[in-house]
Visitor: 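Take this structure, written in structure tokens, and hold onto it; I'll ask about it next.
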There are 2 protein chains.
Amino acid sequence: MPRAGLNPSRVIQEAEQFADEIGLANLTLAGLATRLGIRQPSLYKHLESMDALQVGIATRAKYELADTMARSAVGRSRSAAVRAMAYAYRVWAIAHPGRYAATQRASTPDDHEATSADQAILNVVISVLAGYQLTDDDAIDATRALRAALHGFVTLETSGGFGLPASIDRSFDRLVQGLEVALDGWTDRTACQAR
Amino acid sequence: MPRAGLNPSRVIQEAEQFADEIGLANLTLAGLATRLGIRQPSLYKHLESMDALQVGIATRAKYELADTMARSAVGRSRSAAVRAMAYAYRVWAIAHPGRYAATQRASTPDDHEATSADQAILNVVISVLAGYQLTDDDAIDATRALRAALHGFVTLETSGGFGLPASIDRSFDRLVQGLEVALDGWTDRTACQAR
DNA sequence: CCAACTAGCTATTAGCAATAGCTAAAATGA
DNA sequence: TCATTTTAGCTATTGCTAATAGCTAGTTGG
């Protein structure tokens, strides 16, 4: 019988596409092997374990997301950059639900490739917030808030957490507006609280 | 042999406590049965399936969370209510990681008990936002933004998504401040964008 | 052209949720 | 009180999962 001509890279790429189609939770080695035209144990020639496969998907996905976010913000600053990045984030997440789910896995500190992917996303967000002149802890806090808002929204959206039929696009638009407002008043806490 | 004296309620309560201890993902029927002093197949006398058990945990957890949030905001309004609710949300989620993970499961529309639990949380958030005089879609958008921010922050925190050692308490505090600022400027989009 | 390497295979194991069918403990009713 | 019914537990089993062991044939390097 002829060989399938696989390699670790091809396996991960097929797996991430498969995961987007059927959902990360439904990804099994047997299913992936069938899709690749081989038997399940043969997969172990290209990967270490199911866990390692998911880490591989997660790492690639994080780089891809970081890249998408970075491209979206090129040539923009402050609220325009935040807005562009937020939209790119949501569009990518919805277009790649399996990969996005994979990005939610936290990296183990000793996995340098995975932590580097985390750092890539972090760096993009930090760059996007550069125009706000936030320093040290303020920058970290704002980065976390931005990631939390985007991640929370997309997670709730993709998991069906927004039961109501009201426009999710509109809600996201308003969330981003809220983020812009909050970032404008980030260092000056009293700026917007007067009524 | 004497009977264990179990019932569906006791099984779910033990399961949610167990899930908090070992993580929802590590909850197995075999483990739960051992903890209850019975064999794995015997569990099926009290539950329909693993899936149904998780729905049961999720529903109870959603009610518990809604109750916690509601109590925290009693006697408070506007930013004080938002702040109190946000803190109660995070404290409860961290104290009950298994249950909180369970709440992330979306309800199937035909499960009235589960959707009612969703509604309970929604109602609390809507009540807390009542002081902001938001109408219709604005209220929905603000509710979604608030839930997204809280859910995203807690999820990233509990999954280890905040790799940096910087104070997470402080970051959460700043997030809540950001929410207050954003809600103050919710209907008047230009209010806080002047620099 | 032969030797080393390796990508595939079959066979198998252990852990999981789930079902079938049995039995003894509890609850019910005359 | 005792007979009947109900049911909460049990053992045995199935099918699916990830994972390992060991074999073989296709590929590649000297």
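It should be emphasised that the depicted structure is a prediction, and the values quoted were computed from it without experimental measurement. The sequence lines fix the lettering, A, B, ..., with proteins before strands; numbering per chain opens at 1.
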Visitor: To the nearest angstrom, how far is A/Asn7 atom CG from C/dG8 atom C1'?
Guide: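 Nearest whole value for this atom pair: 15 Å.
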Visitor: Listed by chain and number, what are the side-chain contact (heavy atoms from CB on, under 4.5 Å) partners of A/Ser77, not counting sequence neighbours?
Guide: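 Scan of A/Ser77 (side-chain contact (heavy atoms from CB on, under 4.5 Å), adjacent residues dropped) gives none.
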Visitor: Indicate yes or no: does B/Arg105 engage B/Asp118 in a salt bridge with an N to O separation below 4.0 Å.
Guide: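 Looking at B/Asp118 together with B/Arg105, the answer is no, because their closest N to O distance does not fall below 4.0 Å.
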Visitor: Without decimals, in angstroms, what is the distance between A/Leu43 CG and D/dA19 C1'?
Guide: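 Between C1' of D/dA19 and CG of A/Leu43: 12 Å.
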Visitor: A/Arg10: which residues meet the salt bridge (Lys or Arg N to Asp or Glu O under 4.0 Å) condition with it, sequence neighbours left out?
Guide: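 Testing A/Arg10 for salt bridge (Lys or Arg N to Asp or Glu O under 4.0 Å), a comparison that skips the adjacent residues, returns A/Glu14.
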Visitor: Could you provide the dot-bracket string of DNA chain D, using ( ) for intrastrand pairs, [ ] for crossing pairs and | for bases paired to another strand, with Watson-Crick or G-U pairs below 3.5 Å?
Guide: ||||||||||||||||||||||||||||||
Visitor: For the pair made of CD1 in B/Ile38 and P in C/dA25, what is the distance, rounded to whole Å?
Guide: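 Spelled out: CD1 on B/Ile38 to P on C/dA25 is 17 Å.
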Visitor: Which residues satisfy the salt bridge (Lys or Arg N to Asp or Glu O under 4.0 Å) test with B/Arg144, sequence neighbours excluded?
Guide: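 Listed in chain order: nothing, the list is empty.
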Visitor: Which hydrophobic side chains are connected to B/Val74, either touching it within the sub-4.5 Å cutoff or through other members that do?
Guide: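 When side chains under 4.5 Å apart are linked, B/Val74 ends up in no cluster with other residues.
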Visitor: Does anything in residues 76-96 of chain B pair up under ring-ring contact (aromatic ring centres under 6.0 Å, His included), and if so which pairs, sequence neighbours excluded?
Guide: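 Matches after skipping sequence neighbours: B/Tyr87-B/Phe172, B/Tyr89-B/Tyr100, B/Trp92-B/His96.
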Visitor: Output the rounded distance in Å from NZ (B/Lys45) to P (C/dA25).
Guide: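 So the NZ-P distance, B/Lys45 to C/dA25, works out to 16 Å.
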Visitor: Check side-chain contact (heavy atoms from CB on, under 4.5 Å) between B/Glu48 and all other residues, then give those that pass, not counting sequence neighbours.
Guide: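 Partners of B/Glu48 by the side-chain contact (heavy atoms from CB on, under 4.5 Å) criterion, ordered by chain and then number, come out as B/Ala52.
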Visitor: Under the side-chain contact (heavy atoms from CB on, under 4.5 Å) test, which residues partner B/Tyr63, sequence neighbours left out?
Guide: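 Applying side-chain contact (heavy atoms from CB on, under 4.5 Å) to B/Tyr63 gives B/Thr59, B/Glu113, B/Ser116, B/Ala117, B/Ala120.
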Visitor: Apply salt bridge (Lys or Arg N to Asp or Glu O under 4.0 Å) to A/Arg90 and list each qualifying residue two or more places apart in sequence or on a separate chain.
Guide: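 So A/Arg90 forms a salt bridge (Lys or Arg N to Asp or Glu O under 4.0 Å) with A/Glu157, A/Asp169.
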Visitor: CG of A/Leu6 versus C1' of C/dC9: gap in Å, rounded?
Guide: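 Taking CG of A/Leu6 and C1' of C/dC9, I get 14 Å after rounding.
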Visitor: Not counting sequence neighbours, which residues clear salt bridge (Lys or Arg N to Asp or Glu O under 4.0 Å) with B/Asp67? List them please.
Guide: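 Testing B/Asp67 for salt bridge (Lys or Arg N to Asp or Glu O under 4.0 Å), a comparison that skips the adjacent residues, returns B/Arg71.
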Visitor: Atom CZ of B/Arg39 to atom P of C/dT23: distance rounded to whole Å?
Guide: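 So the two atoms are 17 Å apart, to the nearest Å.
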Visitor: Can you check the B/Leu36 CG to D/dG9 P distance for me, whole Å?
Guide: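 In whole Å, D/dG9 P and B/Leu36 CG are 9 Å from each other.
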Visitor: What residues from residues 12-19 of chain B pass a heavy-atom cutoff of under 4.0 Å to DNA chain D?
Guide: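 Contacting residues: none.
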Visitor: Grouping I, L, V, M, F, W and Y whenever their side-chain heavy atoms are under 4.5 Å apart, do A/Leu43 and A/Ile22 come out in a common cluster?
Guide: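 A/Leu43 clusters together with A/Ile22.
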Visitor: Check nucleotides 15-18 of chain C for protein N or O atoms closer than 3.5 Å to its own N or O atoms and list the pairs.
Guide:
| unit_1 | atom_1 | unit_2 | atom_2 | d |
| --- | --- | --- | --- | --- |
| C/dA17 | OP1 | B/Leu29 | N | 3.1 |
| C/dA17 | OP2 | B/Leu29 | N | 3.2 |
| C/dA17 | N7 | B/Gln40 | NE2 | 3.3 |
| C/dA18 | OP2 | B/Tyr44 | OH | 2.9 |
| C/dA18 | OP2 | B/Met50 | N | 2.6 |
| C/dA18 | O5' | B/Tyr44 | OH | 3.2 |
| C/dA18 | N7 | B/Gln40 | NE2 | 3.0 |
| C/dA18 | N6 | B/Gln40 | OE1 | 3.3 |

Visitor: Does C/dT6 have OP1 or OP2 under 4.0 Å away from a side-chain N or O of A/His46?
Guide: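 Answer is no, no contact under 4.0 Å.
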Visitor: Kindly say if B/Ser42 contacts the phosphate of D/dA8, meaning a side-chain N or O under 4.0 Å from OP1 or OP2.
Guide: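 For D/dA8, OP1/OP2 do not have a side-chain N/O of B/Ser42 under 4.0 Å.
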